[in-house]
There are 2 protein chains.
Amino acid sequence: MIGAGDIQLEVRVILFSLRDRQLQVLLVPAGEPQGTSLWQLPGNQVAQFRSLEETAGVCLIKYIGCREAYLEQLYTYGYAEKQLVSVVYYALIPEGEHSAKKDILSQWFPVEMPPILVSNHAEILQYALRRLRYKLEYTAVGFELLPDQFTLSELQNTYEIILGEKLDKRNFRRRILRADVIEPTPHQRGGEGRPARLFRYRPDAVAEVKARRLFP
Amino acid sequence: MIGAGDIQLEVRVILFSLRDRQLQVLLVPAGEPQGTSLWQLPGNQVAQFRSLEETAGVCLIKYIGCREAYLEQLYTYGYAEKQLVSVVYYALIPEGEHSAKKDILSQWFPVEMPPILVSNHAEILQYALRRLRYKLEYTAVGFELLPDQFTLSELQNTYEIILGEKLDKRNFRRRILRADVIEPTPHQRGGEGRPARLFRYRPDAVAEVKARRLFP
DNA sequence: GCAAAAGTGTTCTTTCTACACCCATGC
DNA sequence: GCATGGGTGTAGAAAGAACACTTTTGC
């Protein structure tokens with residue numbers, strides 16, 4: 001068995017959530033080297049006999065006190081010179097469920113204007129964003145950022161925020177309903193204007209609805 | 001710093017190639033416990049100060065003596081009980097460039113009927129196949145399994161083999177040409193029947209042509 | 001001249017896109 | 001009664017699917 005003796009293994013998690021009608025990401029301080037404040041992605045060393053997913057879950061609890069969230073492995077980065085391997089996940093935190101524990105000096109930032117990040121974390125964040133956008137286009141993952149029940153306008157808003165473009169209301173509704181991944185509930189939500197029907201994600205829906213292919 | 005002291009780190013590579021009009025995968029023996037022969041995915045320990053991609057490249061050379069191939073990270077598996085982390089890549093080896101070195105007792109198997117595999121390698125293989133099929137549908141990655149120049153029929157064949165379904169010749173040609181990822185060369189290939197024009201992949205083509213979305 | 005593979009267009013159906021007005025409620 | 005967001009349908013354009021015959025070569 002060659003080398004690989006004293007390799008450090010860490011898990012980092014990119015926490016996405018909707019706040020103030022923006023997609024935001026949770027970051028933690030990485031010290032202040034020369035006056036400028038540096039930030040980094042939240043993470044954790046992988047403890048002995050802990051699995052990678054478990055460790056990612058530990059991060060969720062540690063940083064936002066939240067069990068259960070959509071979690072997906074993003075990529076594994078090897079830093080040869082540092083003898084460090086970083087397995088990166090991203091998580092989607094439903095609106096409201098993100099307290100961002102005060103004892104940890106973490107802070108939410110809009111994904112469009114993150115602060116200066118250590119190492120290649122900015123690149124990782126960009127990649128995560130690309131993957132999230134891509135995933136949103138062919139799966140129903142958008143619901144993971146919303147509470148259990150939501151209106152169609154809220155859902156459309158979520159899509160618009162993440163994709164960064166306006167969508168047509170009628171077309172959006174027609175397709176999302178045709179895709180058969182959400183169902184109406186008997187409830188409505190009041191507020192300003194006409195009350196809106198509440199929908200919920202159909203747990204029995206197929207997770208990955210197949211997109212039309214490019215090269216059939 | 002918690003734990004993570006004596007973690008083993010390995011890279012495994014799933015080598016795909018077309019042989020005998022089938023998609024095949026290279027496997028290596030894993031001993032013969034009780035008479036039945038067991039196989040595994042080729043791999044390597046990550047040597048000190050070697051990057052993950054480098055290590056995957058070392059695997060390519062070690063197992064099929066091939067530098068340069070399409071290589072993509074698939075997934076990272078953590079085996080908590082074994083204190084082992086396995087970063088898995090898959091590679092697409094162009095037809096012909098796979099000698100499967102004789103000194104290593106490796107062997108090609110059709111992906112549809114692999115032998116018994118150790119650990120969760122069968123599951124990994126299935127996942128790789130799914131990812132490859134999926135990728136084929138929205139990118140031009142099929143070319144990576146063909147030689148530099150190829151006929152449209154060969155290309156269509158490649159797609160049919162991997163996707164496991166027949167495609168319409170005229171529709172296939174129309175779309176693959178419209179996608180603007182291949183270009184004709186001045187050459188032809190003879191053989192039985194009418195000679196066919198040779199095409200090549202356009203290196204300047206955008207790698208990921210965007211598929212139509214499901215939820216716009 | 002015939003076997004074998006290459007090459008080529010059209011029609012019909014489905015899906016996409018763009019677009020504007022009435023509805024239900026709170027104040 | 002009016003401001004506010006919720007909800008609904010259609011027509012033209014684009015893309016997809018299904019389909020059969022002619023062409024070029026080697027033997």
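Naming convention: chains lettered A, B, ... in sequence-line order (proteins, then strands); numbering from 1 in each chain. All figures in this text were calculated on a predicted structure; none of them were measured in a lab.
Here C:dC16 presents its P atom at 14 Å from CZ of A:F172, a figure rounded to the nearest Å. Spacing between atom CG of B:L198 and atom P of C:dA5 amounts to 17 Å, rounded to whole angstrom units. Rounded to whole Å, atom P of D:dG6 lies 15 Å from atom CG of A:L177. The distance between atom CD of B:E154 and atom C1' of C:dA6, rounded to the nearest whole Å, is 12 Å. Atom-to-atom, CD of A:Q156 to C1' of D:dT8 comes out at 14 Å; the value is rounded to the nearest Å. The distance from atom CZ of B:R189 to atom P of D:dT25 is 16 Å, rounded to the nearest whole Å. Here the P atom of nucleotide C:dT17 and the CD atom of A:E165 are 10 Å apart, to the nearest Å. Between the CG atom of A:L155 and the P atom of D:dG5 there is a distance of 18 Å, rounded to whole Å.
Here the side chain of B:N171 is nearest to one of C:dT17, C:dG7, D:dC19, namely D:dC19. When distances run from any side-chain atom of A:R170 to the nucleotides D:dT10, C:dG7, C:dC19, the shortest one goes to C:dC19.
Between A:R19 and A:E95, none of the side-chain N atoms (NZ, or NE/NH1/NH2) sits under 4.0 Å from a carboxylate O, so this pair counts as no salt bridge. A salt bridge between B:R202 and B:D180 is present, with a side-chain N of the basic residue lying under 4.0 Å from a carboxylate O of the acidic one.
Sequence order on DNA chain C of the closest nucleotides to A:R194 and A:R178 puts A:R178 first from the 5' end. Positionally, the nearest nucleotide of DNA chain D for A:Q188 lies more toward the 5' end than for the other of A:Q188 and B:P195.
Ring to ring, A:F172 and A:Y159 are close: their centroids are under 6.0 angstrom apart. The aromatic ring centres of B:Y201 and B:F150 sit 6.0 Å or more apart.
The shortest heavy-atom contact between B:L152 and B:R173 is CD1-CG, 3.8 Å.
OP1 or OP2 of C:dA5 has not a single side-chain nitrogen or oxygen of B:S153 nearer than 4.0 Å. Of the side-chain N and O atoms in B:R174, none sit less than 4.0 angstrom from OP1 or OP2 of C:dG9.
Here B:R173 lies in heavy-atom contact (under 4.0 Å) with a base.
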